[in-house]
Trainee: 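Before anything else, here's the structure in question.
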Number of protein chains: 2
Amino acid sequence: MNGELRSGEVAEAAGVNPQTLRYYERRGLLAEPPRSLGGHRLYPPESVTVLRTIKAAQRLGFTLGEVAELLDLGRRHAHRPGLATRARAKLAEVESRIADLATIAATLRTAIGSGCDDLATCAADPACPIPFADR
Amino acid sequence: MNGELRSGEVAEAAGVNPQTLRYYERRGLLAEPPRSLGGHRLYPPESVTVLRTIKAAQRLGFTLGEVAELLDLGRRHAHRPGLATRARAKLAEVESRIADLATIAATLRTAIGSGCDDLATCAADPACPIPFADR
DNA sequence: TTGCAACCGGTACCCGGGTACGGGGTTAAC
DNA sequence: GTTAACCCCGTACCCGGGTACCGGTTGCAA
């Protein structure tokens with residue numbers, strides 16, 4: 001009897017909504033825990049760490065699907081090094097997203113600097129720097 | 001009779017799915033056009049410009065709700081200058097998003113550099129640079 | 001005039017990441 | 001032994017930005 005936790009306690013400790021535990025279980029991110037005689041989930045304390053791990057990976061930009069894969073990869077110890085490779089790919093994604101946003105920011109700055117005051121007017125004005133053309 | 005367009009033609013010209021026209025109409029982005037006797041929408045050619053304008057604003061990071069507001073603002077000519085103010089606010093949003101992503105990218109680089117190979121292992125290792133702590 | 005493409009409205013579904021609700025069963029403190 | 005708080009499961013809903021499907025009209029050209 002090593003301090004099993006009830007779902008509400010785990011959720012509280014990990015800073016997560018209790019419903020989220022069941023959701024992660026359905027998504028395969030959190031192993032199905034043992035149950036009490038009455039059917040209540042009884043989590044080992046390590047579950048809190050798993051939840052924190054999931055949240056950390058999410059903050060790094062991984063989707064829940066990718067997090068599931070990363071956790072699985074670690075468990076099955078296949079194809080190492082897995083995390084580093086995926087982190088590199090994710091970094092490339094993030095950098096590309098930053099580049100896109102930088103372009104957007106630059107366009108916004110140009111639009112602000114050129115005194116555009118009305119979208120409809122700008123769309124009709126060939127001198128407007130907002131790129132109305134498709135693709 | 002100045003070349004009214006049918007929905008498919010407008011969609012084609014603006015590079016948009018025909019369903020999207022009805023969707024934008026529901027969202028208040030595209031005015032309800034006149035109809036033929038049989039009930040088919042007959043768009044004035046300007047609608048294509050409106051659609052391109054919407055798409056341009058979307059590319060600048062505005063949501064459809066915000067685009068609706070911007071178009072409305074221009075039509076009602078209230079509270080000028082509206083676009084510039086909103087563009088500045090959007091620029092701040094975009095810059096903040098870039099800053100977030102820069103932090104994420106930096107963390108990913110650190111994780112890659114420190115040879116993390118498995119999420120579960122890292123979570124247990126106090127020397128791991130991935131921020132597992134909440135908030 | 002006939003035949004088929006295009007259009008109509010309404011509704012349902014997709015993605016991701018959850019959250020809420022409702023009716024019933026369990027646990028634990030008093 | 002009561003009672004409140006918790007938990008169960010299934011299902012529906014939220015956000016944003018569309019897309020797909022349906023059966024039933026219309027438009028237009030050959």
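Lettering follows sequence order; numbering is per chain, from 1.
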Trainee: Taking side chain to side chain donor-acceptor pair (under 3.5 Å) as the test, write out the residues that go with A:Glu69, two or more places apart.
Mentor: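 Listed in chain order: A:Arg86.
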Trainee: Phosphate oxygens OP1/OP2 of C:dG17: is one of them under 4.0 Å from a side-chain N or O of A:Lys55?
Mentor: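 So the side chain of A:Lys55 is outside the cut-off, no N or O lying under 4.0 Å from OP1 or OP2 of C:dG17.
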Trainee: Please list residues of residues 89-105 of chain A whose heavy atoms come under 4.0 Å from any atom in DNA chain C, ordered by number; otherwise none.
Mentor: none
Trainee: Under the side chain to side chain contact (heavy atoms under 4.5 Å, CB included) rule, collect the residues that match up with A:Ala123, sequence neighbours excluded.
Mentor: A:Phe132, B:Thr49, B:Thr53
Trainee: When you measure from the side-chain N and O atoms of B:Ser7 to the phosphate of C:dC7, is any distance below 4.0 Å, counting only OP1 and OP2?
Mentor: yes
Trainee: Flag the pair B:Glu93 and B:Lys90 as a salt bridge only when some basic side-chain nitrogen lies within less than 4.0 angstrom of an acidic carboxylate oxygen.
Mentor: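 The answer is yes: the pair qualifies as a salt bridge.
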Trainee: Nearest whole angstrom, please: distance from the C1' of D:dG18 to the CG of B:Asn17.
Mentor: 8 Å
Trainee: Tell me, please, which residues at least two apart from A:Glu9 pass salt bridge (Lys or Arg N to Asp or Glu O under 4.0 Å).
Mentor: none
Trainee: List in numerical order all residues of residues 18-29 of chain A for which some heavy atom is under 4.0 Å away from an atom belonging to DNA chain C.
Mentor: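 Those residues are A:Gln19, A:Thr20, A:Tyr23, A:Tyr24.
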Trainee: Can you tell me if A:Arg41 uses its side chain to pair, donor with acceptor, with the backbone of A:Leu21 under 3.5 Å?
Mentor: no
Trainee: Using modelled atom types and a 3.5 Å cut-off, is there a donor and acceptor pairing between side-chain atoms of B:Ser96 and backbone atoms of B:Ala92?
Mentor: no
Trainee: Please confirm whether the backbone N or O of A:Gly15 pairs with a side-chain atom of A:Arg52, one donor and one acceptor, at under 3.5 Å?
Mentor: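 Flag not set: sc A:Arg52 to bb A:Gly15 has no pair under 3.5 Å.
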Trainee: Can you check whether A:Thr107 reaches B:Arg59 side chain to side chain, under 4.5 Å on heavy atoms?
Mentor: no
Trainee: Mark up nucleotides 24-30 of chain D, 5' to 3', with B wherever a protein heavy atom is under 4.0 angstrom from a base atom, S wherever such an atom reaches only the sugar-phosphate, and - elsewhere.
Mentor: --SS---
